[in-house]
Novice: 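One structure follows; several queries about it will come next.
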Protein chains: 2
Amino acid sequence: MLTIGELSRATGVKIPTIRYYEQMGLMAAAERSEGNQRRYEPRERDRLSFIKHARDLGFTIEAIRELLELSAHPERPCADADEIAVRQLQIVRDKIAKLRPLEKELERIATRCHGDQIRDCYVLQSLASHELCVSEH
Amino acid sequence: MLTIGELSRATGVKIPTIRYYEQMGLMAAAERSEGNQRRYEPRERDRLSFIKHARDLGFTIEAIRELLELSAHPERPCADADEIAVRQLQIVRDKIAKLRPLEKELERIATRCHGDQIRDCYVLQSLASHELCVSEH
DNA sequence: ATAATAGCTATAGTAACTGGAGGAAAACAT
DNA sequence: ATGTTTTCCTCCAGTTACTATAGCTATTAT
């Protein structure tokens, strides 16, 4: 049996976050010690590790809830799980696709200012209109 | 003089967002019509466009507040504005740098599952441990 | 004059935590 | 057994940048 602090160190999930996951129903309400402190079984640590790994990959709590639900039914087809992963991949790709033009634009803005005074500042001029932009955003 | 709806259409900023910016002090409290409705001058539209452009580039409200503050002092050096832009560039680059390994990991996870049943699902197995991961995250 | 459209305030909700206050339990040292 | 330190408890508020709703009023068009 693990205390919440041990569970936290074992998984890298902060203690208030563990309690938050319990509140959200991602983790079952933990067993309690005589003095009302949470105690965890190794399988609950595995579950939390799963959640952490998925969160690190950007899956939402909702998506993780679905994945956990699915994993409770070993005999079902895994098409749903695949779809959730594909969707998440798309989300990450979309984010990258949005950030890249921002990076380009900011590179231009941040590296081209050689003015001395705010009045000539390329950064502020760039933000004031889209005329200097290399792409839409 | 523009109504809030006209200002919204002119800048692409939604009406509740404009009011939110006023509340946050990014926009000055607008003049009012007899019937207490907000009325805007063209220069307030320019200011809002600036804010919008900066938000689209991912600058935080706080950063934008600083930039606006700076632009009110044309004679000052523009080093501060440059620094804010450089910082934002770094933030965007960091985000991309974090997302790329996620993309790789998700590609692997999402494209390699050929199981039929949840019990063999590569997606779920990948999330259950880090053993299959190609990189740390 | 009436109807349609647009605007007002105030409040609450979103996602996923994070932090603090005030107090109780557990672990360790003497 | 007692004291101290560490860990834990619950509850509540704050974070970011909006977005939505309810109930009401102003403006515009017919």
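Given the structure is predicted, the values throughout are model-derived calculations rather than measurements. Reminder, nothing fancy here: chain letters follow the sequence lines and each chain counts from 1.
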Novice: Can a donor-acceptor pair be found, under 3.5 Å and without considering hydrogens, that links the side chain of A:Glu103 to the backbone of B:Val92?
Specialist: no
Novice: In whole angstroms, how far is the P atom of D:dC18 from the CD atom of B:Glu62?
Specialist: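 Result: 13 Å.
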Novice: Determine the minimum heavy-atom distance between B:Met1 and B:Glu6, stating which atoms define it.
Specialist: O-OE1, 3.9 Å
Novice: Take atom CD1 of A:Ile51 and atom C1' of C:dA15, then tell me their distance rounded to the nearest Å.
Specialist: 16 Å
Novice: Nearest whole angstrom, please: distance from the P of C:dA6 to the CE of B:Met1.
Specialist: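 The distance from CE of B:Met1 to P of C:dA6 comes to 19 Å, rounded to the nearest Å.
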Novice: Round to a whole Å and report the spacing from NZ of A:Lys52 to C1' of C:dA16.
Specialist: 13 Å
Novice: Round to a whole Å and report the spacing from OH of A:Tyr40 to C1' of D:dC9.
Specialist: 12 Å
Novice: Would the distance check show the side chain of B:Glu44 and the main-chain N or O of B:Glu41 forming a donor-acceptor pair, the cut-off being under 3.5 Å?
Specialist: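 Confirmed, B:Glu44 side chain pairs with B:Glu41 backbone.
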Novice: Rounding to an integer number of Å, can you tell me how far A:Arg9 CZ sits from D:dC8 C1'?
Specialist: 12 Å
Novice: Please list residues of residues 13-39 of chain A whose heavy atoms come under 4.0 Å from any atom in DNA chain D, ordered by number; otherwise none.
Specialist: A:Ile15, A:Arg19, A:Arg32, A:Asn36, A:Gln37, A:Arg38
Novice: Just how far, in rounded Å, is P of C:dA26 from CG of A:Leu2?
Specialist: 16 Å
Novice: Give the intermediate values and the outcome of salt bridge (Lys or Arg N to Asp or Glu O under 4.0 Å) for residues B:Lys104 and B:Glu107.
Specialist: CA-CA 5 Å; B:Lys104 291 300 153 234; B:Glu107 265 170 18; 3.6 Å; yes
Novice: Taking NZ, NE, NH1 and NH2 as the nitrogens, is one of them in A:Arg87 or A:Glu83 under 4.0 Å from a carboxylate oxygen of the other?
Specialist: yes
Novice: What's the closest nucleotide to the B:Thr3 side chain, out of C:dG7, C:dC17, D:dA17?
Specialist: C:dG7
Novice: Before giving the answer on salt bridge (Lys or Arg N to Asp or Glu O under 4.0 Å), spell out for A:Lys52 and A:Asp56 the whole-Å C-alpha distance, their side-chain angles and the decisive distance to 0.1 Å.
Specialist: CA-CA 6 Å; A:Lys52 172 84 159 81; A:Asp56 286 347; 3.0 Å; yes
Novice: Specify the separation, in whole Å, of atom CG of B:Leu57 and atom C1' of D:dA17.
Specialist: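 The distance from CG of B:Leu57 to C1' of D:dA17 comes to 16 Å, rounded to the nearest Å.
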